[in-house]
Amino acid sequence: PHGFTWSSIVVCTARLARELLHSRREDITLVLYVDDRHRFVGHAIVATGWVQAARLSSKQIIAGAQACRATGCVIIRYR
């Protein structure tokens, strides 16, 4: 409805994640927040390492979404 295809969103998301994580060496769980028009509105690293990733809950993700007024998110696990 807004001129975006899922493939273009995936490509943009992958590019943004690569830019944010290019110097990281550890396991990272990253969340990219988008608004209802699929525009990037924020990001957060919600877990580093496998222990934090195993304990990850939706509370951290929802709190970040509320803080930046996002209506959607993409969760990326980087190893």
Side-chain angles (χ1 to χ4, degrees):
H2 301 290
F4 294 101
T5 63
W6 278 112
S7 61
S8 67
I9 293 169
V10 169
V11 169
C12 291
T13 301
R15 187 175 302 134
L16 181 58
R18 188 172 47 243
E19 290 173 12
L20 291 169
L21 299 171
H22 76 277
S23 63
R24 299 291 186 144
R25 300 275 183 222
E26 66 271 16
D27 290 356
I28 299 285
T29 304
L30 172 72
V31 180
L32 303 177
Y33 296 106
V34 295
D35 66 7
D36 59 348
R37 296 189 66 191
H38 301 129
R39 294 177 297 192
F40 175 73
V41 293
H43 74 278
I45 294 176
V46 293
T48 53
W50 66 271
V51 173
Q52 284 186 353
R55 295 181 179 172
L56 182 62
S57 74
S58 61
K59 289 180 185 180
Q60 294 112 324
I61 296 167
I62 292 170
Q66 290 172 340
C68 63
R69 298 184 181 189
T71 57
C73 68
V74 177
I75 301 172
I76 300 165
R77 181 75 192 276
Y78 177 79
R79 296 182 190 184

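Under the side chain to side chain contact (heavy atoms under 4.5 Å, CB included) rule, Val31 has a single partner from Val46, Val74, Leu56, which is Val46.
The CD atom of Gln60 sits 13.5 Å away from atom CD1 of Ile45, with the distance rounded to the nearest 0.5 Å. Remark: Thr71 OG1 to Arg39 CZ distance equals 9.5 Å, nearest 0.5 Å. Between the CG atom in Asp27 and the CZ atom in Arg77 there is a gap of 5.0 Å [rounded to 0.5 Å].
Taking both residues in full, the closest heavy atoms of Ile61 and Tyr33 are given as O-OH, 2.9 Å, listed atom of the first, atom of the second, then distance. Closest non-hydrogen pair, Cys73 versus Val34, comes out as N-CG2, 4.3 Å.
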- Query: After noting the C-alpha distance and the side-chain angles of His43 and Leu30, does the key distance pass the side-chain contact (heavy atoms from CB on, under 4.5 Å) rule?
  - Reply: CA-CA 7 Å; His43 74 278; Leu30 172 72; 4.1 Å; yes

